[in-house]
Amino acid sequence: MEKRDELYSGKAKSVYKTDDPGLFVLHFRNDTSAFDGTKVEKLMDKGKVNNIFNAFIMKKLEKAGIKTHFVKQLSETESLVKKLDMIPVECVVRNLAAGSICKRYGLPEGQEISPPTFEFFLKNDELHDPMINDYHIASFGWADPAHIEEMKKLTFKVNEVLKGLFEQANMLLVDYKLEFGLSDGELLLGDEFSPDGCRIWDAETRRKMDKDRFRQDLGDVIETYKEVGARLGIDFG
Ligand code: ADP
Ligand code: TMP
Ligand code: ASP
C-alpha cells in the first residue's frame with residue numbers, strides 16, 4: 001500500500017488517497033480545534049495519542065460486531081481505513097447532561113439522562129452544526145430512511161460496548177459523537193473515537209478527562225487523554 005496525494009485536510013486530521021482506490025490513510029495531526037474551528041492550538045503528542053486511542057476503540061467495536069472503516073494502524077499518527085462516502089451528520093448519544101444539551105434545555109451539568117438520548121446534528125461549521133431530525137436527513141437526501149435507522153441503532157450499540165468499558169476503568173462515558181459513511185452501499189462507522197469527540201469524567205470526582213479540558217482551558221489536555229488511555233490499558237509507547 002502506497003500513500004498518495006492529500007485529498008482533504010480537516011481541523012484535526014488529513015485524508016490521503018492510496019494506490020488502492022478503496023482505501024484512505026487518516027493522518028491524526030496535533031491541531032486541536034473547538035467552537036467550530038474558532039479556537040485552535042497545536043498540542044504536542046495529540047495526533048499520536050488519538051490515533052492509538054482510536055485504533056484500540058475501533059478494534060473493540062469490531063469485536064463486538066460493529067462494522068467500522070478501520071483496517072489497521074500504519075504508524076504512530078496514521079491509520080489505514082476503507083474509503084467512505086461520508087453522511088454529513090453527527091450522531092450523538094448522551095448518558096449524562098453536559099455541553100449543548102444543558103444550554104438548550106436548561107439542564108444542570110451531570111444530570112443523568114435515562115434512558116440515554118440521541119441527537120442528530122448537521123456537520124457544517126459555518127452553520128454551527130445545527131441540530132436536525134430524521135425528516136430533514138431524509139427530505140434533503142443526506143441519507144435514506146433505512147440508513148437513518150441503522151445509524152441510531154449502531155450509535156446506541158456503541159454505548160452498550162463502551163459505557164461498560166469506561167465504567168470498569170472508573171470513568172463515566174458522558175456523551176460521544178459518531179460519523180458514518182457508505183462503502184459499496186454498506187453503512188460503516190467512520191472517522192474516529194477519541195477523547196476529542198466524546199466526554200469522559202472520572203467516576204468518583206467527575207474530573208473532566210476529554211476535550212472540554214481544551215475548550216474550558218483546564219490544562220493538562222494530552223496528559224489527561226493519556227491517563228484515560230492508561231486506565232483502559234492502552235500502551236502509547
Ligand atoms: P473536520 O472535517 O470536521 O474538520 P477532521 O479534521 O477530523 O474533521 O477531518 C477528517 C475528515 O475525514 C472528516 O471530514 C471526516 O468526515 C472524514 N472521514 C473520516 N473517515 C473517513 C473515511 N473512511 N472516508 C472518507 N472520509 C472520512
Ligand atoms: P455538544 O454538547 O457540544 O452538542 O457535543 C456533544 C458531543 O459531541 C461531545 O462529546 C462533543 C462531540 N462533538 C464533536 O465531537 N464535534 C462537534 O463538532 C460537536 C458539536 C460535538
Ligand atoms: N470539533 C468542533 C470544532 O473543532 C467542535 C468541538 O469539538 O467543540 O470546532
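Read the numbers this way: they start at 1 and go in the same order the structure lists the ligands and their atoms. Here, residue 1 is the first one in the sequence, and each next residue gets the next number.
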Please give the remaining members of the hydrophobic cluster of Phe121, linking ILVMFWY side chains under 4.5 Å, ordered by chain and number. Val92, Ile101, Tyr105, Leu107, Ile113, Met131
Any pair with a residue in residues 52-62 that passes side chain to side chain donor-acceptor pair (under 3.5 Å), sequence neighbours left out, goes on the list, sorted by first then second residue, please. Glu62-Thr68
Close-range residues for ligand 3, whose non-hydrogen atoms fall below the 4.0 Å threshold: Lys11, Ser33, Ala34, Phe35, Asp36, Gly37, Lys211, Arg215
May I ask you to identify, for Lys11, whether its side chain, its backbone, both or neither come under 4.0 Å of ligand 2 on a heavy-atom basis? neither
With heavy atoms only and a cut-off of under 4.0 Å, state how Glu90 meets ligand 2: side chain, backbone, both or neither. side chain
Distance filter under 4.0 Å to [X] heavy atoms, resulting ligand 1 atoms:
X: Phe24; result: 24 (N), 25 (C)
X: Glu179; result: 15 (C), 16 (O)
X: Val81; result: 23 (N)
X: Val15; result: 12 (O)
X: Leu84; result: 22 (C), 23 (N), 24 (N), 25 (C)

Measure Met86 to ligand 1 on non-hydrogen atoms and call it side chain, backbone, both or neither using the 4.0 Å cut-off. side chain
Should the proximity of Lys13 to ligand 1, defined as any heavy atom under 4.0 Å, be assigned to the side chain, the backbone, both, or neither? both
Relative to the ring of Tyr176, is the ring of Phe193 parallel (under 30°), tilted (30 to 60°) or perpendicular (over 60°)? tilted
Closest to atom 15 (C) of ligand 1 among protein heavy atoms sits Asp191 OD1, 3.4 Å
Counting each atom of ligand 2 from 1 as listed, which ones have a heavy atom of Gly197 under 4.0 Å away? 10 (O), 12 (C), 15 (O)
Looking only at heavy atoms of Lys123, does any of them come nearer than 4.0 Å to an atom of ligand 1? yes
By side chain to side chain donor-acceptor pair (under 3.5 Å) - contacts of Arg207 (at least two apart): Glu227
Measuring from non-hydrogen atoms of Arg94 to any atom of ligand 2, is the shortest distance under 4.0 Å? yes
